[in-house]
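Before I ask anything, here is the structure I am working with.
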There are 2 protein chains.
Amino acid sequence: MLRLSRKTLLALEAVIDIAFNARPEPVQAREITARQGVPQRYLEQVMQQLVRAGILKGVRGPRGGYRLAKERRRISVGDIVRAAELAEDENTEDVLPKSELGARIVTPFIQTLQEEVMTRLEAITVEDLCQKARAAGVSVDDHIASDFTI
Amino acid sequence: MLRLSRKTLLALEAVIDIAFNARPEPVQAREITARQGVPQRYLEQVMQQLVRAGILKGVRGPRGGYRLAKERRRISVGDIVRAAELAEDENTEDVLPKSELGARIVTPFIQTLQEEVMTRLEAITVEDLCQKARAAGVSVDDHIASDFTI
DNA sequence: TAGGTATTCCGGGAAACAACCGGGGTTTGT
DNA sequence: ACAAACCCCGGTTGTTTCCCGGAATACCTA
């Protein structure tokens, strides 16, 4: 199957959470953890990967938090997935198969498939998902209201 | 990224290896390990998953080995991937996100993507990959000749 | 027909690796 | 001074990979 790590899911939810929230003030990590129910320390770690990838922008100090670094329509799902996955496995030494069959057929086949999926993910932006959320009836009011249920 | 486990790659290569080899006698695990350079014990484990999934058929005793359980065009890549992946993770307890945004938007989005990829994989058969191998110039003679380099 | 051998089958479990999580401290802005 | 993002690093848990010892089964020879 296509396995995405929990970290990637987290990153996706966090970015959309911030994008969906239209407040002028930045969104604090604490709010997101309250909504998603994940340990705050772990989420901050993921957030910083997103900051380093140029997707989020951190604002320090009191009343600080995170904000999108670009417009919603300029951030693709592929960007987020890459930022989350590509963080620690820098080795990327693809176990090259010895057999001709493996090297010439199944490896290229898998690579092509991966590229196709990635292309598909690059075509979908955070903007698209936000519109979908609105269409699905997730109201901004409920969203913001839950900020105070900490 | 779309991460496939080594086990899945192995399963794919093994099945295609057997399918590409047109001999009447079954193919032994030992031959495949010699060609792919993988530990024999591990490969046998993968092979048995494929047997239980109804993709391969094991033939015991001397001159035994593995054979396709069905025609080449009736075995899809999706079948093989499912058989290899779905073996040990029977838990499948999808970590359901608490937030509305996660539950209503990103989870369905990911699921749809997974289903699309799976549908895509079901449409490609072992027969297709064998034809591709022949077109790519992987000769059957070389393939069989390597049987005796053990 | 009986026994020896080659091979698939089966379960358990060690070893390596990645994912997950937390601590302590530093920097930055209010 | 305080509140938050930042940074490094180590510990825990879980998954993947790999190995081992044996049992079952089929072929071969005598």
Side-chain angles (χ1 to χ4, degrees), chain A residues 1 3-11 14 18 25-34 36-69 84-93 95 147 150, chain B residues 1 3-11 13-14 18 25-34 36-69 81 84-93 95 147 150:
Chain A
M1 292 255 235
R3 286 168 306 165
L4 291 178
S5 68
R6 185 167 151 74
K7 177 186 285 185
T8 303
L9 271 300
L10 241 174
I18 294 174
E25 309 100 41
V27 179
Q28 298 183 0
R30 202 198 266 174
E31 307 176 32
I32 299 179
T33 62
Q36 324 280 12
V38 294
Q40 183 171 351
R41 293 304 214 140
Y42 187 46
L43 186 123
E44 283 181 4
Q45 188 174 319
V46 178
M47 301 299 261
Q48 281 158 36
Q49 287 188 16
L50 294 170
V51 170
R52 280 184 224 114
I55 293 171
L56 296 182
K57 212 184 116 191
V59 180
R60 301 209 240 197
R63 299 272 161 196
Y66 295 94
R67 192 177 286 164
L68 295 188
E85 305 268 310
L86 201 124
E88 41 264 359
D89 52 16
E90 209 51 70
N91 46 2
T92 321
E93 42 160 330
V95 191
D147 291 356
I150 303 174
Chain B
M1 293 254 232
R3 288 165 306 166
L4 291 178
S5 66
R6 183 167 152 73
K7 178 185 283 186
T8 302
L9 270 301
L10 242 174
E13 291 179 13
I18 294 175
E25 309 100 43
V27 179
Q28 298 182 2
R30 201 197 267 171
E31 306 176 32
I32 300 178
T33 62
Q36 323 279 12
V38 294
Q40 183 172 352
R41 292 302 211 144
Y42 188 46
L43 186 121
E44 284 181 4
Q45 187 176 321
V46 178
M47 301 299 259
Q48 281 157 36
Q49 288 186 16
L50 294 171
V51 170
R52 282 184 222 116
I55 294 171
L56 296 183
K57 215 183 114 192
V59 180
R60 302 207 240 196
R63 298 272 161 197
Y66 294 93
R67 190 177 286 164
L68 295 188
V81 171
E85 305 268 311
L86 199 125
E88 42 262 3
D89 52 14
E90 208 52 70
N91 47 1
T92 321
E93 41 159 331
V95 191
D147 291 355
I150 302 174

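Every chain is numbered from 1, with letters handed out A, B, ... down the list of sequences. Heavy atoms only: backbone and side chains are in, while hydrogens, waters and symmetry mates are out.
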> Are side-chain heavy atoms of B:Arg41 and B:Pro39 found at a separation under 4.5 Å?
Replying inline: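 In short, these two side chains do not touch, never coming nearer than 4.5 Å.
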> For the pair made of CD in B:Gln28 and C1' in D:dA26, what is the distance, rounded to whole Å?
Replying inline: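 It is 13 Å, rounded to the nearest whole Å.
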>> Across nucleotides 21-30 of chain C, 5' to 3', mark each nucleotide with B, S or - according to how protein heavy atoms within less than 4.0 Å reach it.
In response: BBBB--BBBS
> Over how many whole Å does the gap from B:Arg30 atom CZ to C:dT8 atom P extend?
Replying inline: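 Rounded to the whole Å, the gap is 9 Å.
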> Heavy atoms, side chains only, cut-off 4.5 Å: are A:Val38 and A:Arg6 in contact?
Replying inline: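 In short, these two side chains touch, coming nearer than 4.5 Å.
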> For A:Ile32, which residues count as a side-chain contact (heavy atoms from CB on, under 4.5 Å) partner, sequence neighbours excluded?
Replying inline: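 If we apply the side-chain contact (heavy atoms from CB on, under 4.5 Å) test to A:Ile32, skipping adjacent residues, the hits are A:Ala14, A:Asp17, A:Ile18, A:Val27, A:Arg35, A:Gln36, A:Leu43, A:Met47.
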> Can you tell me how far C1' of D:dA5 sits from CD1 of A:Ile32, to the nearest Å?
Replying inline: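 To the nearest whole Å, that distance equals 13 Å.
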>> In this structure, how many angstroms lie between the P atom of D:dA4 and the CD atom of A:Glu25, rounded?
In response: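 Value for this atom pair: 13 Å.
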> For B:Arg60, what residues pass the side-chain contact (heavy atoms from CB on, under 4.5 Å) criterion, not counting sequence neighbours?
Replying inline: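 Scan of B:Arg60 (side-chain contact (heavy atoms from CB on, under 4.5 Å), adjacent residues dropped) gives none.
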> For B:Leu9, what residues pass the side-chain contact (heavy atoms from CB on, under 4.5 Å) criterion, not counting sequence neighbours?
Replying inline: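 Here the qualifying residues are A:Val106, A:Ile110, B:Leu4.
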> When the distance from CG of B:Leu9 to P of D:dC18 is rounded to whole Å, what number comes out?
Replying inline: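 After rounding, the gap between these two atoms is 12 Å.
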> Whole Å only: how far is the CD atom of A:Gln49 from the C1' atom of C:dC20?
Replying inline: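 Atom-to-atom, A:Gln49 to C:dC20, this comes out as 12 Å.
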> So does B:Gln48 get a side-chain nitrogen or oxygen closer than 4.0 Å to the phosphate oxygens (OP1/OP2) of C:dC9?
Replying inline: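 No, B:Gln48 has no side-chain N/O under 4.0 Å of OP1/OP2 on C:dC9.
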> What is the distance from CZ of B:Arg52 to P of C:dC9, rounded to the nearest Å?
Replying inline: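 My rounded result for the distance is 9 Å.
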> Rounded to the Å, how far apart are A:Met47 CE and D:dC6 P?
Replying inline: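 Whole-Å distance recorded here is 9 Å.
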> Given the rule in the side chain to side chain contact (heavy atoms under 4.5 Å, CB included) test, do B:Leu10 and B:Tyr42 qualify, once you have shown the distances and angles that lead to the verdict?
Replying inline: CA-CA 10 Å; B:Leu10 242 174; B:Tyr42 188 46; 3.8 Å; yes
> Is any side-chain N or O of B:Tyr66 closer than 4.0 Å to OP1 or OP2 of C:dT7?
Replying inline: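 For C:dT7, neither OP1 nor OP2 has a side-chain N or O of B:Tyr66 closer than 4.0 Å.
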>> Among residues at least two apart in sequence or on other chains, which ones pass side-chain contact (heavy atoms from CB on, under 4.5 Å) with A:Gln40?
In response: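 With sequence neighbours excluded, A:Gln40 shows a side-chain contact (heavy atoms from CB on, under 4.5 Å) to A:Arg30, A:Thr33, A:Glu44, given in chain and number order.
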>> Mind checking if B:Glu44 touches a base, just sugar-phosphate, or nothing, with heavy atoms under 4.0 Å?
In response: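 Base contact - B:Glu44 has a heavy atom under 4.0 Å of at least one base atom.
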> Reckon A:Arg67 touches a base, only the sugar-phosphate, or nothing at all at heavy-atom distances under 4.0 Å?
Replying inline: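 Contact class for A:Arg67: none.
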